[in-house]
Student: 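One structure coming up, written as structure tokens, with questions to follow.
Residue numbering restarts at 1 for every chain, and letters A, B, ... go by the order of the sequence lines.
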Amino acid sequence: MNPTAVRRLAAYEQLSANPYRPWPARITSITELTDKETLFELRLIDDDVRDAFKFESGQFVEVSIFGVGEAPISISSAPSKQGFIELCVRNAGDVTGALHSRQCGDIVGLRGPFGRGFPFEEMKGNDVLLVAGGLGIAPLKSLINHIHDTRHEFGKVTILYGSRSPEEVLFARQFDMWRHRDDFDLHLTVDQPDETWDGDVGLVTNLFERVDVDPAKTFGAICGPPVMYKYVVAEMRAKGMEADRIYVSFERRMKCGFGKCGHCGVGHQYACIDGPVFNYWEAMNLQEAM
Amino acid sequence: MARVVVLGLASDFGCQVQMTNMEDHLLDVLGAIELEYWQLAASGHMPEDYDVAIVEGAVTTEEHVELLKRVRETASTVIAIGSCAVTGGIPALALSGDLEDRVGCVYGESGALVACGRILPMPVGAIIDVDYHVVGCPIDPAEFVEVLHRAIQGLRDAVPLEPMCATCKIAENTCFYDRGEVCLGLVTRAGCGTKCISLGRPCTGCRGIAADANFESAKAIVERMGADLDLLLERAQLYNNARKDLS
Amino acid sequence: MSTLTVEHVARIEGHGTITVDVDGGEVRDIRMDVIEPVRLFESMVVGRRFDEAPLITSRICGICSPNHAVTSLKAVEAALGIEVSERTQLLRKLLLYASYLQNHATHLYVFAAPDYVGGGIGSVFPLATSAPDVVQRALRIKKLGNELTTALAGRSVHPITPVVGGFSSEPAVSVLEAFVPRLAEAARDAGKTAALVATFVIPTFEPAGEMLAMVDSDDYAIYEGSVCALDAGWCRDVSEYRSFITETVVGHSNAKHSTVDGRPFMVGALPRVNQSWDRLAPTARVVASKLGFRPVSRNTFHNNLCQAIELIDAAERCASYIEQFAAVGGSSTPEAFAIKSGSGSGATEAPRGTLYHSLSIDDDGIVTAGDVITPTAQNLANLEADMRAFAPTVAALPEPEFVLRIEQLVRAYDPCLSCSVH
Amino acid sequence: MFFRVMDKDRLPDLVRGLAAEYEVIGPIAKGDEFVFAIVSDPTELRLDYDTTILPPKKHFMPPTESLMSFRVQDSEVVGEELDRTPRVLFGLHPCDINGLMLMDNVFLQGYEDPYYKARRESTLIVGLNCMPHEGCFCKAWGTDEVHWGFDIFLSDLGDRYFVSVRSVEGADLLDRCVETRQITPEDTAEFQRVASEFQASFEGQPDTSQVPLLLDAKYDDPIWEELGSRCLSCGACSMVCPTCYCFDVRDRLEPDGQEGTRERVWDSCLYIDFAEVAHGHNFRASRAARVKNRYYHKQWGYLSKFERVLCVGCGRCASACKADINPRIVIEALQAGGGSL
Ligand SMILES: Cc1cc2nc3c(=O)[nH]c(=O)nc-3n(C[C@H](O)[C@H](O)[C@H](O)COP(=O)(O)OP(=O)(O)OC[C@H]3O[C@@H](n4cnc5c(N)ncnc54)[C@H](O)[C@@H]3O)c2cc1C
Ligand code: SF4
Ligand code: SF4
Ligand code: SF4
């Protein structure tokens, strides 16, 4: 093996030797998206660890702020972009709050990537229907960007995204641009519009009237607040999509991220290692899933 | 650095004494804050402005009420320490019966002189919003420091929600109910490491009733274990007399 | 006439305000207003079960809670006719003395010293940088006292293990023995403390109050003994305390005032050292003598030095109690007893002076009446008398200086105002 | 595996021999009960114990343990120690050895847990046969016997122990510490007799054959509400369980706020906030849901992953639970058709 490969392998082993140990990462960019959500770009400091860090869309990292704690956060950037990751974080409590008070250049800890992501390879050659509610766009954003970077390998790509209000629309600027592209069919809706809003109004499920789905060659991907799944799945099923072509990403309380701490149980599975992305066929049979 | 004041209402100062009882760390803690006023330990006047107010003691006078309102306007963070401040504690025992009778009992006919401005005892939270709670009678110095750091960092309050029994098992104590004795651990906030129980005394509930206590079930347990239900109910009042829902 | 007030006097336990009426440079009147709110403990024990009385009354004071707990236990035991074992008594004495270590160290270094050291620095905290060894010494003694109380009683504030008839749990002998070398060090630290206190510049001041303390024929009295009056020369059984101490409610203070034979009186370290000088540990006596202290002293300001002397004594005595504990047999497991009606009282010497508790219990073990007299409550009348006598001698000083002197006098008593308003 | 016989009066030799090289932990009395604790003198050992308050898991995953210490300012890990103290756990009953093997599945498969692994690798297990006590229902799960998972196993034959030796370390140890002898046909016969007597002394073990099926069928049974109304959410059951492994991770700062420790502490799925996520959504807000989860995870969820049930029938949770929630009774009630206990 060449020396670089050996070094990388060593770094990789180090990475996995103690999965509880966070690796220092520097915040290299901070973009405020809304009042509560901010996009953080992070770079692992150690070159070899950074090179060894490979992930899939839908996977998450544990963000670690020593003295405060850890929080699982989905990676929002695409695996096709290497050397950094983006996290879209809502200020929801201790760790996420502490992260929001950090500045560019500050160091935080990262562990991961953990969990099962979306079956990107399997999705290739198909249409994709992505449905996000609120912060659920965070993991889907990674998938969307990844698809974007390999756009020619996919059929029709439809994105349905519901937010509470126009101020809460995440990645608004980017989506605004995308609305005018014809390789992405993007629909935004808000529950409570204001005078600036010229898009749809109502629940994300209302948008289904506008989409045409070829159930045999479409994959669905859903992420949003707990109440949303049932209704969105029902719409997809109504369009004739099979349960095993729908993927859902779940949020649960998590401490370790790799199947030990027991917090993220969903039925007989753990959201951290068996998910967070579940095939709906599996999820259907999980107690407490939806 | 956070500018901190320490205030005492009606109490025995035990919690403030506990704050000094971490000899090894006192100076470290003081290094992490700017202590602006602490009547017990330093001369000086209460400053106009400060960030964190640490309040010990129950509210028992109109003056306390006024003071707390001012404190709430000034401080961004209020920490209530000790049972007196958090649940009304032992001072709230004076809630049962008639205040005038009580004053008469202690001060005789001259009672009116001293009772002036005296009101029924209340926890601090009955007057103002409290951001952080350090429970116990007295508080545990280490727990105090932990909460202080949480407060300085702006983390959320983290009083355990569950009752005592898990810690009691971790300490490998034999349950008092196995001997037919009443223990308030069934419903009392965890977090003290079951100090009393490990030293052979049943929990008297000084940390207050746990947010997630199942009091109804506890009563059934006491009866089933052949222990004294009246005693459970009375003991539950000892530090929780300001609550009306425990019977 | 103008009025000078010192609100919320710092570095004392509890809230008090000094009010001085001045007329043309002359002090007309001076008062100690205990504004600490009334707490009604005596009424709160009524209706509760007898075994809760020690637990409740321990909450009168967080500084001398071991004394309140033990004194209340003595009252309960007297009411129920329970005799505790020698082992229990020994552990209780050890507990009380251990709490002296932490009490006196805190008072001398944290409360009193800032008045005298470095020209009145207001708090002990600046000393951490200017005289770190002094602060370290203070913390060392305090910590030892706390750890020893914790080893005995589970924690240093509001003891857990002392229960009616004995202890719910006792430490292993080896745990206590590990304290002995540290106690020897503490005795040396206490010696240095006494030397430091002896450098405090205090006025010559001979007030006229009586002095009361418990006296025991064969021990420095803290756990048992009879109460003796220094001037009057009598000794009485503690159970008669109501017959020799008269309490009156005064208008300006939430704490009652006490007199004996119609005179105000002082309790605390000075009266104790005055009356039990011969029973002090020899080293304590030697150090005291070297520092120029001779009993009997009437100077209230000597109370601080006497506390330092008691610190030495406490360190020595704790070590010897631990030795005795290793040798004494028996058990501290609570004695068996039957609940019956009765009344009883108990007293101990708390760091600040004699503490009395009494209780009446009915057939079901429910408390029907309670009474407590704390040391500070006894001292207040004397403190005011002292202030009246002392103020004119310093009235000519500039105001801040005047206030400091008056506060020095107040702190010499190591008052515990929240205690006084139980 | 091979077998030896050791006379009972040699036991102190064995313990002392072990103590020379290892920290020896065994059952000792605490009040009227027993606990696993460091044995400083062989006479303290109470090999006649029925069960202990806490199971041996506390020696592999302490109630509170430091994962690492850190410096706040630059997010550096400044300390991370694995506990490799050589230890012997002496006198474990089969249920507890089985319990450890169930813990192994969690902590040694997939991502290895280095803290658990380090302790596990440096600990020898000396097993001991037992007789069922009132609360045992190990036989119902087949955890009354153990064929591996120990280094040596002692079976009490009255005046001697029948010693089963499983590992090389076990064999070495025995060689070094104590005098043993070859087994005779009489020893084997007696060993068999004791084993049969043990098997015969189980009374009324619940029928567990249908448990997973029953749980599937009885998901909405009123029994869960009934249990929920009783449960104190105290978590005692999880603490005393040899197979409950859930934990929380907390950061604790030193008083100066500059450094701190990241700690792992035992957690319980019965606590109200166990499955609560940000913004207050609680996936198991009711006590009933939480009690039910304990049963579903142990007797169904874990089973689906590791083909074993996460219970060894030790009965500890039943005696720790003041609310009288007892898996054995729950199983029997479900088997009897559910509806109520
Ligand atoms: C796989 C996965 C992916 C995720 N991806 C993202 C993402 O991309 N972006 C994102 O922003 N979030 C994401 N989350 C959610 C995120 O992990 C949580 O918001 C975060 O863990 C909150 O942590 P915290 O320390 O900030 O909040 P905490 O301080 O831990 O507060 C949140 C928790 O504490 C509870 N709580 C709050 N107050 C109290 C109280 N007073 N007493 C008791 N409990 C209380 C809350 O209900 C909640 O359970 C994801 C979660 C998972 C599981
Ligand atoms: S009831 Fe009391 S003694 Fe029993 S387990 Fe709970 S805390 Fe422990
Ligand atoms: S669930 Fe109960 S019986 Fe089963 S292993 Fe755990 S403690 Fe023992
Ligand atoms: S021990 Fe019993 S009461 Fe406590 S959480 Fe477990 S099941 Fe509920």
Student: Looking at D/Gln73, I want to see if its CD is surrounded by more than 12 non-hydrogen atoms of other residues, nucleotides or ligands under 6.0 Å.
Tutor: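 No - once you tally the heavy atoms of other residues, nucleotides and ligands closer than 6.0 Å, there are 12 at most.
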Student: Taking only heavy atoms into account, what residues of residues 246-264 of chain A are found under 4.5 Å from chain D?
Tutor: A/Glu251, A/Arg252, A/Arg253, A/Lys255, A/Cys256, A/Phe258, A/Gly259, A/Lys260, A/Cys261, A/Gly262, A/His263
Student: Considering only heavy atoms and a distance below 4.5 Å, find which of A/Pro226, A/Gly265, A/Gly93 pairs most often with chain D.
Tutor: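 Maximum pair count with chain D is reached by A/Pro226.
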Student: Among all residues two or more places apart in sequence or in another chain, which pass the side chain to side chain contact (heavy atoms under 4.5 Å, CB included) test with D/Leu334?
Tutor: D/Leu214, D/Leu215, D/Lys218, D/Ile223, D/Trp224, D/Val330
Student: Using salt bridge (charged side-chain N to carboxylate O under 4.0 Å, His left out) as the criterion, list what pairs up with D/Glu65, not counting sequence neighbours.
Tutor: D/Arg119, D/Arg264
Student: So what's closer than 4.5 Å to chain A heavy atoms on D/Tyr219: side chain, backbone, both or neither?
Tutor: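 Only the side chain of D/Tyr219 comes within 4.5 Å of chain A.
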Student: List the atom pairs, with distances to 0.1 Å, where a side-chain N or O of residues 24-33 of chain A and a protein N or O form a donor-acceptor pair under 3.5 Å, not counting sequence neighbours.
Tutor:
unit_1  : atom_1 : unit_2   : atom_2 : d
A/Arg26 : NH1    : A/Gly105 : O      : 2.9
A/Thr28 : OG1    : A/Glu41  : O      : 3.2
A/Thr28 : OG1    : A/Glu41  : OE1    : 2.6

Student: Where does D/Arg284 contact chain A at under 4.5 Å (heavy atoms): side chain, backbone, both or neither?
Tutor: side chain
Student: Do A/Glu37 and A/Phe171 have side chains that approach each other closer than 4.5 Å (heavy atoms only, starting at C-beta)?
Tutor: no
Student: Pick one of side chain, backbone, both or neither for A/Leu286, based on which atoms fall under 4.5 Å of a heavy atom in chain D.
Tutor: neither
Student: Measure D/Asp248 against the heavy atoms of chain A and call it side chain, backbone, both or neither at under 4.5 Å.
Tutor: both
Student: With a 4.5 angstrom heavy-atom cut-off, could you sort out which part of D/Tyr116 is near chain A: side chain, backbone, both or neither?
Tutor: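 Neither the backbone nor the side chain of D/Tyr116 comes within 4.5 Å of chain A.
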Student: Around atom CD of D/Glu121, are there more than 12 heavy atoms from other residues, nucleotides or ligands closer than 6.0 Å?
Tutor: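 Yes, the 6.0 Å shell around CD holds more than 12 heavy atoms from other groups.
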Student: For D/Glu263, does its backbone N or O pair with a side-chain atom of D/Thr261 as donor and acceptor, under 3.5 Å?
Tutor: no
Student: Below 4.5 Å from any heavy atom of chain D, which atoms of A/Asp274 appear? Answer side chain, backbone, both or neither.
Tutor: side chain
Student: Is it true that a side-chain atom of D/Ser286 and a backbone atom of D/Ala289 form a donor plus acceptor pair closer than 3.5 Å?
Tutor: yes
Student: Do D/Arg84 and D/Ser122 pair up side chain to side chain, a donor and an acceptor below 3.5 Å, judged on atom types alone?
Tutor: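 Not at all, the side chains of D/Arg84 and D/Ser122 share no donor-acceptor pair under 3.5 Å.
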Student: Over 60° means perpendicular and under 30° means parallel, so tell me whether D/Tyr245 and D/His297 are parallel, tilted or perpendicular.
Tutor: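 Perpendicular, since the angle between the ring planes exceeds 60°.
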Student: If you count heavy-atom pairs under 4.5 Å between each of D/His281, D/Glu276, D/Arg262 and chain A, which one has the most?
Tutor: D/Arg262
Student: Quick check on the interface: out of D/Arg252, D/Arg250, D/Arg71, D/Glu80, who has the most heavy-atom pairs with chain A under 4.5 Å?
Tutor: D/Glu80
Student: Where on D/Gln109 is there a heavy atom nearer than 4.5 Å to chain A: the side chain, the backbone, both, or neither?
Tutor: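 Answer is backbone: N, CA, C or O of D/Gln109 sit under 4.5 Å from chain A.
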